[in-house]
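Worksheet for the structure shown next.
All heavy atoms count here, side chains included; hydrogens, waters and symmetry mates do not.
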Amino acid sequence: MSNRKPAIVFIFITLVIDILGFGLIIPVLPGLVKTLTTGGPERGAHEFGLLLASFGLAQFLFSPILGALSDRYGRRPVLLIALFVTIFDYVIMALANSMGWLFVGRILAGMTGASFTVGSAYIADVSPPEKRAQSFGLIGAAFGVGFILGPAAGGLLATVSERAPFWAAAALSLANFLFGLFVFPESLQPKDRRAIDASSLNPAKGLVILLRFPWVAVMAAAMALTALAQNSLQSTWVLFTTARYHWSPLDNGLSLALIGLCSGLVQGGLTRLIIPRLGERRSVIVGYLVNFLGFLGFVLATKSWMVLVVLVFWCLGGISGPALQSMLSKQFQANEQGALQGALTSIQSLTGIVGPLIATWVFGYFTSPTAPIQMPAAPFALGAVLIAVSALVASKAMLSHRDDEIAAGEAKREVAPAE
């Protein structure tokens, strides 16, 4: 592991650039959908949900394939191919003059969304088990840094043209590809690679690895519920703030940059302090509690400054993700980390299909003239409920795992020879 630190730096920079490109388009994408859609705000919200869901569907179908291929051929070639195609994704959306072309662009993005799948496996390759929680926190930190710069820059570029952020994202994706081509090292040694067959590329079969241990399967269910809750915010944040507070693309870009800043501080810094002190199990529960209270805060915030305060607090819940991911990664061998991360990404992708559809439908319904009450924050109320259920499911899974560890320890002591 002598090259651990340089390797972590390489993957961190790659993920930052990748997220920066995506962050550029977030403040303007809902507005672009609105200009290409007829039928009013409710119809626009539903079309936006379908656009996000198409990305999730493509990612679900292809992420396990990319994870398995990275276990066979290495992380580097898979990542480079994905980054190369991403360039064309942004160019297509920059030129799109209909919703059909926007869908083509987002589907391409989902098909090649390998950065986090392969990046997670890369980190598992170069990090010892006791350091993985902190190292996985760097993924969140990369997400945070990208979201500090990306949305803010996207909001500023939107004052020039609503298409300018897409061209900027294409340029950054090109820079990311060139960086990987000339600098990015391989992390998976040939001796650790494994053969794959056609059946292992089945996206549904990729989830089977999570069924090997009952507590892992239950924990994966908790992750799915959490991802659904997160989708309620990701899918409707710009819609919500525009409807309730009348924010501009620049306002939304700056608020998303605040999310990035706080997420980066939490997952890149606080995780390294909190998780070792609380332990992975307690960190998961504390993170869930903070997320639950944060979602309630979004519902109750009547002023724009209030929602910004709640936003900072809500980001503190990010300590749960790296802790949970580390717990699961320790159950699998080195040559299975790509498959594991592909399966976890598949869960995210499945919720990325269902979550935006539900969240934008809830938003559209509770902001339509026929709604019994006008409640733009309705998706966040749903998010609070989902987080509460997720916390209960995760607690049950971790208790079951702890009981199994205690039983295994007692059995080992019983068979140990007497001195």
Among residues at least two apart in sequence or on other chains, which ones pass side chain to side chain contact (heavy atoms under 4.5 Å, CB included) with Ala220?
Leu210, Ile347
Throw together a table of side-chain donor-acceptor distances under 3.5 angstrom for residues 305-324, partners on residues two or more places apart or in other chains.
residue: Trp314; atom: NE1; partner: Asn291; partner atom: OD1; Å: 3.1
residue: Ser320; atom: OG; partner: Gly317; partner atom: O; Å: 3.2

Quick check: closest heavy atoms across Pro376 and Pro379, and the distance to 0.1 Å?
O-CD, 3.3 Å
Atom CH2 of Trp101: over 12 foreign heavy atoms under 6.0 Å:
no
Does the side chain of Leu32 reach to within under 4.5 Å of the side chain of Val28, using non-hydrogen atoms?
no
Could you tell me the separation between the OG atom of Ser98 and the CZ atom of Phe103, rounded to the nearest 0.5 Å?
10.0 Å
Could you give the distance from CH2 (Trp361) to CG (Leu50), rounded to the nearest 0.5 Å?
14.0 Å
Contacts of Tyr245 that satisfy ring-ring contact (aromatic ring centres under 6.0 Å, His included) - sequence neighbours left out
Phe240, Trp247
Go through the steps to decide whether Gln374 and Thr367 satisfy the test side chain to side chain donor-acceptor pair (under 3.5 Å), and finish with yes or no.
CA-CA 5 Å; Gln374 292 292 303; Thr367 56; 5.6 Å; no
Gln230: what forms a side-chain hydrogen bond (donor to acceptor under 3.5 Å, both in side chains) with it, not counting sequence neighbours?
none
Indicate yes or no: at least one non-hydrogen side-chain atom of Tyr365 is less than 4.5 angstrom from one of Pro372.
yes
For Ala170 versus Val91, what's the shortest heavy-atom pair and its separation?
CB-CG2, 3.9 Å
Testing the basics here: between Thr351 and Ala224, what is the closest heavy-atom pair and its distance to 0.1 Å?
CG2-O, 3.3 Å
Considering residues at least two apart in sequence or located in another chain, which fulfil the side chain to side chain contact (heavy atoms under 4.5 Å, CB included) criterion with Ala217?
Leu211
Using the side chain to side chain contact (heavy atoms under 4.5 Å, CB included) rule, pick out the option among Ile81, Leu79, Val85 that qualifies with Leu83.
Leu79
For Ser283 and Gly279 the tightest heavy-atom approach is OG-O, 2.7 Å
I need the Ile92 CD1 to Leu102 CG distance, nearest 0.5 Å.
10.5 Å
So Phe380 and Phe298, would you call those rings parallel, tilted or perpendicular, with 30° and 60° as cut-offs?
tilted
Kindly write out the residues that satisfy side chain to side chain contact (heavy atoms under 4.5 Å, CB included) with Ile353, not counting sequence neighbours, or none if the list is empty.
Ala53, Leu57, Phe60, Leu350
Within the 4.5 Å heavy-atom criterion, are Ile358 and Phe363 side-chain neighbours or not?
no
Would you check if Tyr90 and Leu172 make a side-chain contact, meaning some heavy-atom pair closer than 4.5 Å?
no
Donor-acceptor check, side chain of Ser248 to backbone of Asp251, threshold 3.5 angstrom: yes or no?
yes
Report yes if some heavy atom in the side chain of Phe295 is under 4.5 Å from a heavy atom in the side chain of Ile387; otherwise report no.
yes
For Thr226, give me all partners under side-chain hydrogen bond (donor to acceptor under 3.5 Å, both in side chains), at least two apart in sequence or on another chain.
Tyr288, Ser390
List the residues meeting ring-ring contact (aromatic ring centres under 6.0 Å, His included) with Phe177, not counting sequence neighbours, and say none if there are none.
Phe84
To the nearest 0.5 angstrom, please state how far the NZ atom of Lys303 sits from the CZ atom of Arg244.
11.0 Å
Residues in side-chain hydrogen bond (donor to acceptor under 3.5 Å, both in side chains) with Thr370, at least two apart?
Ser368
Can you list, pair by pair, the side-chain donor-acceptor contacts under 3.5 Å of residues 146-164, counting residues two or more places apart and other chains?
residue: Thr159; atom: OG1; partner: Leu156; partner atom: O; Å: 2.4
residue: Ser161; atom: OG; partner: Arg163; partner atom: N; Å: 3.1
residue: Arg163; atom: NH1; partner: Met93; partner atom: O; Å: 3.4
residue: Arg163; atom: NH1; partner: Ala94; partner atom: O; Å: 3.1
residue: Arg163; atom: NH1; partner: Ala96; partner atom: O; Å: 2.5
residue: Arg163; atom: NH2; partner: Ala96; partner atom: O; Å: 2.7

Is there a side-chain contact between Leu95 and Trp167, using heavy atoms and a 4.5 Å cut-off?
yes
Please answer whether the main-chain N or O of Ala58 pairs with a side-chain N or O of Arg106 as donor and acceptor at a distance below 3.5 Å.
no
Residue list, side chain to side chain contact (heavy atoms under 4.5 Å, CB included) with Leu386, at least two apart or on another chain
Leu225, Leu228, Ala229, Leu382
To the nearest 0.5 Å, what is the distance between CG (Leu328) and CD (Glu280)?
9.5 Å
Distance col, row Ile275:CD1 vs Leu270:CG, nearest 0.5 angstrom, shows 10.0 Å
Identify the two heavy atoms, one from Ala397 and one from Val218, that lie closest to each other, and give their separation to 0.1 Å.
CB-CG1, 3.6 Å
Do Ile285 and Leu278 make a side-chain contact, defined as non-hydrogen atoms from C-beta onward lying under 4.5 Å apart?
no
Tell me, please, which residues at least two apart from Ser54 pass side-chain hydrogen bond (donor to acceptor under 3.5 Å, both in side chains).
none
Test item: Gln234 and Asn231 side chains (from C-beta on) under 4.5 Å apart, heavy atoms:
yes
State, to 0.1 Å, how close Val299 and Ala381 come at their nearest heavy-atom pair, and which atoms those are.
CG2-N, 3.5 Å
